[in-house]
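I have placed the structure first, in the form of structure tokens, so that the comments after it can refer back to it.
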2 protein chains.
Amino acid sequence: MVDDEPQIVRALRINLSARGYSVLTAHDGTAALKAAAEGRPDVVVLDLGLPDVDGTEVIAGLRGWTSVPIIVLSARVDSADKVEALDAGADDYVTKPFGMDELLARLRAAVRRSAVVEGEDAVVETASFTVDLAAKKVRRDGVEVHLTPTEWGLLEILARNRGRLVAQKQLLQEVWGPAYAKETHYLRVYLAQLRRKLEPEPSHPRHLVTEPGMGYRFEP
Amino acid sequence: MVDDEPQIVRALRINLSARGYSVLTAHDGTAALKAAAEGRPDVVVLDLGLPDVDGTEVIAGLRGWTSVPIIVLSARVDSADKVEALDAGADDYVTKPFGMDELLARLRAAVRRSAVVEGEDAVVETASFTVDLAAKKVRRDGVEVHLTPTEWGLLEILARNRGRLVAQKQLLQEVWGPAYAKETHYLRVYLAQLRRKLEPEPSHPRHLVTEPGMGYRFEP
DNA sequence: GGGTCGCATCAAGGCATCGTCAGGAAGTTC
DNA sequence: GAACTTCCTGACGATGCCTTGATGCGACCC
């Protein structure tokens with residue numbers, strides 16, 4: 001959050017913090033570039049009327065090394081300014097005075113967009129095997145293990161809830177559908193298959209643990 | 001370009017065409033969704049006040065299968081409308097009347113952003129063939145292999161998601177359109193053609209791998 | 001000790017999905 | 001208008017997955 005007007009910085013900080021964002025602030029362009037390099041923000045809100053350097057130079061300075069979303073704030077409604085800032089690499093341009101709702105919505109849109117880009121591969125590791133949730137791959141001792149759709153469906157839910165107990169009913173409903181909530185036999189068959197494929201000692205599972213009477217737990 | 005006011009459509013078409021854009025137009029939401037599915041635009045400019053369906057529904061309809069940038073045009077300045085449209089998945093929101101300069105700058109910004117996403121390694125190599133995503137060309141043993149548009153569409157998605165499993169539904173929706181999500185037979189036919197053209201042993205594919213019941217995977 | 005309940009394991013049949021081939025419709029090019 | 005390309009569709013056999021039943025084991029209650 002880059003602005004030289006303390007009251008705006010303050011208002012934004014309060015609003016953003018209340019919504020769970022963590023906020024870094026800077027009051028001029030030089031400090032902004034430094035803070036961005038150190039803090040690696042997920043999105044930048046940049047006021048154009050800074051005391052030291054021109055706003056477009058800050059944009060250019062950021063764009064030199066990062067594609068972080070930049071939302072420009074400005075009191076200037078002249079379209080030439082907007083064009084200049086956007087063409088310099090800004091992602092959005094909001095004129096002051098602005099509605100907090102709108103700024104937050106534009107912020108969400110910017111973050112959402114860049115989240116898609118990152119598409120990080122969430123990988124869950126255990127002592128004996130590795131689950132790549134994005135690629136839908138499982139490796140054991142480096143070699144890839146083939147899973148059937150049902151096996152993968154089960155493992156995926158357990159891995160996404162790793163460390164937590166997942167109820168039998170939930171597993172059945174999410175993998176087989178709402179009508180199968182009581183077919184607990186399916187779980188036994190497929191958990192046995194998963195253990196045979198993944199556990200070092202299938203009969204003494206260490207990662208795919210049964211919680212008798214309740215459900216199953218993935219222990220990383 | 002989706003708007004029910006002919007004069008706006010006309011003004012935009014002239015301006016955009018003069019700058020080298022090719023423009024598809026639609027005058028209501030239904031036609032817009034159809035045109036987008038067929039024409040695969042690089043960016044969508046969408047007026048919210050359409051005669052048939054609500055604008056946010058058009059946004060939702062697009063977001064169901066594509067992440068194409070959507071710039072919303074609207075006469076409504078109320079911030080609640082902006083928030084609704086942006087949260088529905090729009091990338092930008094411009095209020096009428098708008099400056100053509102500004103709209104064009106926002107358009108450039110939107111296209112630039114999505115270009116960055118695409119700018120991953122443009123060349124994907126395997127042991128037996130090479131895919132050049134930027135040039136849309138495939139070479140095998142140095143010689144160029146001709147692919148039909150559909151074959152290329154499939155290979156492109158798989159190559160961009162190399163290493164990752166791509167669901168059948170996603171392939172069908174992105175290549176054939178949202179209405180074809182269940183025509184899995186198409187995939188079998190075209191994967192067979194791609195394998196025949198690219199794999200050393202088409203009946204034992206090593207790079208275009210089937211994951212039964214789930215989808216397909218490109219292994220570099 | 002007998003009975004019940006929940007869990008693990010194994011095996012086998014039915015059936016959904018996959019790969020393949022081929023023919024015809026629609027559109028393009030010359 | 002003929003030759004060609006591309007796409008869609010149907011038929012067929014084969015693979016492998018899901019389901020289901022049978023059996024054994026341990027924990028717990030009576």
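So that the names make sense, note that chain A is the first sequence line, chain B the second, and so on, each numbered from 1.
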Sugar-phosphate only, base, or nothing, as touched by B:H146 at under 4.0 Å among non-hydrogen atoms: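 It contacts sugar-phosphate atoms only.
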State plainly whether the residues [X] and [Y] are in salt-bridge range, i.e. N to O under 4.0 Å.
X: B:D91; Y: B:R63; answer: yes
X: B:R76; Y: B:E84; answer: no
X: B:K96; Y: B:D47; answer: yes

Give a yes/no on whether any side-chain N or O of [X] is located under 4.0 angstrom from OP1 or OP2 of [N].
X: B:Y180; N: D:dC8; result: no
X: B:Y190; N: D:dC7; result: yes
X: A:T148; N: D:dC17; result: no
X: A:W176; N: D:dT19; result: yes

Nucleotide N/O to protein N/O under 3.5 Å, stretch nucleotides 3-7 of chain C:
unit_1 : atom_1 : unit_2 : atom_2 : d
C:dC7  : OP1    : A:Q168 : NE2    : 3.2
C:dC7  : OP1    : A:G213 : N      : 2.9
C:dC7  : OP2    : A:R188 : NH1    : 3.1

NZ (B:K169) with more than 12 external heavy atoms under 6.0 Å: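 Count not over threshold, so no.
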Exercise answer: donor-acceptor pairs, residues 211-219 of chain B side-chain atoms, under 3.5 Å, sequence neighbours excluded:
unit_1 : atom_1 : unit_2 : atom_2 : d
B:E211 : OE2    : B:R217 : NE     : 3.1
B:E211 : OE2    : B:R217 : NH2    : 3.0
B:R217 : NH1    : A:A135 : O      : 2.9
B:R217 : NH1    : B:G163 : O      : 3.0
B:R217 : NH2    : A:K136 : O      : 3.0

Closest listed nucleotide, where the reference is the side chain of A:H185 and the choices are C:dT9, C:dT20, C:dC10: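 That would be C:dT9.
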